[in-house]
Amino acid sequence: MNEKILEVKDLQVRFDTEEGCVQAVDRVNFTLHRGETLGLVGESGCGKSVTNLAVLGLVPSPPGKIYGGEVLYRGKDLLRMSASELSHIRGNRIAMIFQDPMTSLNPYMTIADQLTEVTMLHLGHTRREAMRHAIEMLGSVGIASPDRRIDEYPHQFSGGMRQRVMIAMALTCQPEVLIADEPTTALDVTIQAQILELMKQLQAAEGTAIIMITHDMGVVASICHRVDVMYAGRIVEQATCEELFKHPRHPYTLGLLESVPRIEKSSAGRLEAIDGQPPDLVALPAGCAFEPRCRFSEERCIDERPILRRVTSSSETACFFDLENHSQGSSTGGSDG
């Protein structure tokens, strides 16, 4: 996992609204290597999905606009590419599994039409070649009788099967980068486990680099190598998965981990919750955005915004408080979720 595939540098995305300018993504930086799964976690509205829509040039404009930064795919800046250049990469070398397969799949087109369109466009397949490849892809993601089901419509598939179709569509051109936006949301735990295992198998076979966007720390523990925690449009902690679960360095990360149910805890015990609400992105405070909700806040947090600083060889945090010596900092358990 030493080969760098994707690098995001100081990415900034804003939305101009009637209420004011929303700073949805504020100077986000991360890298992605071949065969690696990077988890991007945080509450709804923290900027996870917008970050990755920006990578693919899919931020709706207006009202959205990328104000600055670079997105380097193999050294080439995607943000500086023309629409035609980007179209050759999007869906081909970089693919995305969207959050809701029912709204992402066209209800008026058969699965065959939607799968063959991709390879006919990017791989130059004939209709016959594209159909054969599409059937193989449906079979590879565990859909029974793919030669028969390929002529059906999305509404004839269950939620889990539609998600498998989305995975097949995303992987049909064997992309180097797969962005998975909450791919297991609203699925029961059995189907969720099957889809995560499927993604692991495909990654092992193809060396695909994956960005896993989720708020589910159990999913993070089961599939991710490294994790970036986002809050209010910024990354507040970066660490390996093992380091994050054993030694969270940011109070927000600690709060996320404490809210996860654990087998070893008494069933009568209450889950911890993070007090308060996320900040208004139109009027962010001058200091740390998490300060109003933070149990460890100090006076300097009100006026001074912390930046990411390295605390170990495998972790960085944007916090003035040192959780290392705090008794709860090492009580969140291992990385078995």
d(Leu178 CG, Glu206 CD) to nearest 0.5 Å is 11.5 Å
Does Val13 reach the side chain of Lys65, with side-chain heavy atoms less than 4.5 Å apart?
-> no
Side chain to side chain, Thr317 and Arg309, heavy atoms closer than 4.5 Å = yes
Taking the side chain from Lys48 and the backbone from Glu43, do they hold a donor-acceptor pair closer than 3.5 Å?
-> yes
Heavy-atom distance under 4.5 Å between the side chains of Asn52 and Asp181, does that happen here?
-> no
Can we say Lys9 and Asp77 salt-bridge, meaning some charged N sits less than 4.0 Å from an Asp/Glu carboxylate O?
-> no
Does Arg14 count as lying over the ring of Tyr67, i.e. NZ or CZ under 6.0 Å from the six-ring centre, within 45 degrees of the axis?
-> yes
Quick one: does Ile111's side chain get under 4.5 Å of Arg149's, heavy atoms only?
-> no
So do Leu53 and Phe98 actually touch side chain to side chain, heavy atoms under 4.5 Å?
-> yes
Using the ring of each side chain (for Trp, its six-membered ring), is His125 parallel, tilted or perpendicular to His133, with breaks at 30° and 60°?
-> perpendicular
Do Cys173 and Leu123 come within less than 4.5 Å of each other through their side chains, counting heavy atoms only?
-> yes
Does the side chain of Asp147 reach to within under 4.5 Å of the side chain of Glu136, using non-hydrogen atoms?
-> no
Find out whether Glu243 and Thr312 are in side-chain contact, i.e. whether some heavy atom of one side chain is under 4.5 Å from a heavy atom of the other.
-> yes
Which atom pair, heavy atoms only, marks the closest approach of Leu308 to Ala318?
-> CD2-N, 3.7 Å
Between Phe320 and Arg300, is there a cation-pi geometry (under 6.0 Å to ring centre, at most 45° from the normal)?
-> yes
In terms of ring plane angle, is the pair His155 and Tyr153 parallel, tilted or perpendicular, where the classes change at 30° and 60°?
-> parallel
